[in-house]
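Written out below as structure tokens is the structure these notes cover.
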Number of protein chains: 2
Amino acid sequence: MSAEQPDMPELKIESGSGLQTNVEPLQLGKRLREIRQSLSLTLEEASQKTGLARSTLSKIENEQISPTFTAVQKLANGLQIDIPQLFAKPRSTMASGRRVLTKSGEGTPHPTSTYEHELLSTDLARKKMVPFKTRVRARSFDDFGDWVRHEGEEFLLVLEGELALYTEFYEPVAMVAGDSMYYDANMGHALVSLSEKDALVLWVVAR
Amino acid sequence: MSAEQPDMPELKIESGSGLQTNVEPLQLGKRLREIRQSLSLTLEEASQKTGLARSTLSKIENEQISPTFTAVQKLANGLQIDIPQLFAKPRSTMASGRRVLTKSGEGTPHPTSTYEHELLSTDLARKKMVPFKTRVRARSFDDFGDWVRHEGEEFLLVLEGELALYTEFYEPVAMVAGDSMYYDANMGHALVSLSEKDALVLWVVAR
DNA sequence: CAATAAATTAGCATATAGGAAATATTTCCC
DNA sequence: GGGAAATATTTCCTATATGCTAATTTATTG
């Protein structure tokens, strides 16, 4: 174990939960108006559903007043929206009704010193999962780098060959084709091919 | 296409973002106190960082008053917390530092009329992904059931054999070992083995 | 237990949110 | 375009949150 976290393809998943330094002011009123209108409710109807006065709603939507938290709760309850969702910036998701085929060997290559990654389904943005095949070249134990470690969870299926999965806190485990492992990716992990030949694995990462 | 959505193993992923019917009242004050204390800030310090008066902070934490949304914003800014996170119920996640090995063939069987699923990593709760291997028995086109359709995204890798993936809105596509597909699982989908033999696929579902 | 820090409460002043009704604006139909 | 109905905004009053200062209570710590 020596250097820095190497070897993993860069993950491009929008988190949607990072620290929000409030660069954009979060227009609560605007947001609420959008929601109310998307429900095609009049202020009067919204008023009845929430128990807040028409005038109050109007003022809130026009950012003339800053609603009390109880008011926000009444709003959320009455309009059937949940509060986190109210403040979360619109979650960026994969385009619906999309599919992408990756023929064998036609993924995006991403070689590193010890692994040969082949990223799959790369032309589909904002996926929840990042799948890739990895060829683990035969190598000696000593050039074992530092732990790989990152946010999220990881699933690993051995497609060909034999290898050892090293994970922090555990004994290394030998795996052969067909074996699979699911683990917390924050925990350091690394793969070593055990046989003379390269090993091939499928990896799926989710943040 | 005929019956009802069949054949998929039941997914057990906590959503953490469903409609929140506010069964539990969401103790904002308590939450804020926890956060402040976890930062080991005194009310005085928090007051300086947020620009809110000590007494006000105290009252908010003790739920004696319902803070104005601007107050909440000042709090969030001053204490470097983001608002969605403030209101989100603590996300139930997989136990950290955990890993689970599933040896080939030792998953949890889950047979259905047309598929033989083998669920992987089943003794790890609250995973983001649900991986399983599926044996697709050779079958004729006519006993093709209705679309399978569910929340989330799905990744599919063909391990053995040849099959056709049918998806709503698209032409069916033939896939052989090594080919993979990533798609929106809300879109109807179904697999048919093309050859005489069964086909084997790996599936990973994320909500 | 004493000494100190931290938190809560109290009292009062002020700013501002919430509710009811009046006013303005928009929508829509003729 | 004019007028009526629907919808939204504003006004005015009341309720309540916020800030300040200081007193009291409750931890902390030596």
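Chain letters run A, B, ... following the sequence lines, proteins first and then strands; every chain starts at 1. Side chains are part of it too, since the values below use all heavy atoms of this structure and drop only hydrogens, waters and symmetry mates. Note that the structure is a prediction, hence the values are computed from the model and not measured.
The side-chain heavy atoms of A:Leu156 and A:Met175, taken from C-beta on, include a pair separated by under 4.5 Å.
Within residues 33-45 of chain B, no residue has a heavy atom under 4.0 Å from DNA chain D.
Note on B:Leu52: only backbone sugar-phosphate atoms sit closer than 4.0 angstrom, heavy atoms only; bases stay farther off. Counting any heavy atom pair closer than 4.0 Å across all strands shown, B:Ser66 reaches sugar-phosphate atoms only and no base atom. At a threshold of 4.0 angstrom between heavy atoms, the contacts of A:Thr68 are confined to the sugar-phosphate backbone, with no base atom among them.
Residues that satisfy the side-chain contact (heavy atoms from CB on, under 4.5 Å) test with A:Thr122, not counting sequence neighbours, are A:Thr108, A:Leu119. Residues meeting the side chain to side chain donor-acceptor pair (under 3.5 Å) test with A:Arg98, sequence neighbours left out: none. With sequence neighbours excluded, the residues satisfying ring pair (Phe, Tyr, Trp, His ring centres under 6.0 Å) with B:Tyr183 are B:His189. Considering only residues two or more places apart in sequence or on other chains, A:Thr102 meets the side-chain contact (heavy atoms from CB on, under 4.5 Å) condition with A:Val100, A:Leu120, A:Ser121, B:Ser180. For B:Lys30, there are no salt bridge (Lys or Arg N to Asp or Glu O under 4.0 Å) partners two or more places apart in sequence or in a different chain. Taking the side-chain contact (heavy atoms from CB on, under 4.5 Å) definition, one finds that A:Leu32 meets it with A:Leu28, A:Ile60, A:Leu75, A:Ile81, A:Leu86, sequence neighbours left out. Take B:Phe155 and apply the ring pair (Phe, Tyr, Trp, His ring centres under 6.0 Å) test, not counting sequence neighbours, and it matches no residue. Scored by the salt bridge (Lys or Arg N to Asp or Glu O under 4.0 Å) test, B:Glu45 finds no partners at all (sequence neighbours excluded).
D:dG19 atom C1' lies 11 Å from atom CD1 of B:Ile65, rounded to whole Å. Straight-line distance from the CD atom of B:Glu61 to the C1' atom of D:dT18: 16 Å, rounded to whole Å. Here D:dA17 presents its C1' atom at 16 Å from CZ of B:Phe69, a figure rounded to the nearest Å. Rounding to whole angstrom units, CG of residue B:Asn62 and P of D:dT18 are separated by 14 Å.
When each of B:Leu57 and B:Thr70 is assigned the nucleotide of DNA chain C bearing its nearest heavy atom, the one mapping closer to the 5' terminus is B:Leu57.
Close approach of DNA chain C to chain A, defined as any atom under 4.0 Å from a non-hydrogen atom of the protein, starts and stops at C:dA17 to C:dA21.
One axis for each end of the helix from C:dC1-D:dG30 to C:dC30-D:dG1, each built from five base pairs, and the angle between them comes to 50° at 10° resolution.
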Give the table of side-chain donor-acceptor pairs shorter than 3.5 Å for residues 52-59 of chain A, with sequence neighbours excluded, one pair per line with atom names and distance.
| residue | atom | partner | partner atom | Å |
| --- | --- | --- | --- | --- |
| A:Arg54 | NH1 | A:Glu44 | OE1 | 2.7 |
| A:Ser58 | OG | A:Asn62 | ND2 | 3.4 |

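Remark: side-chain polar atoms of A:Glu154 are not paired, donor with acceptor, to backbone N or O of A:Ala185 under 3.5 angstrom.
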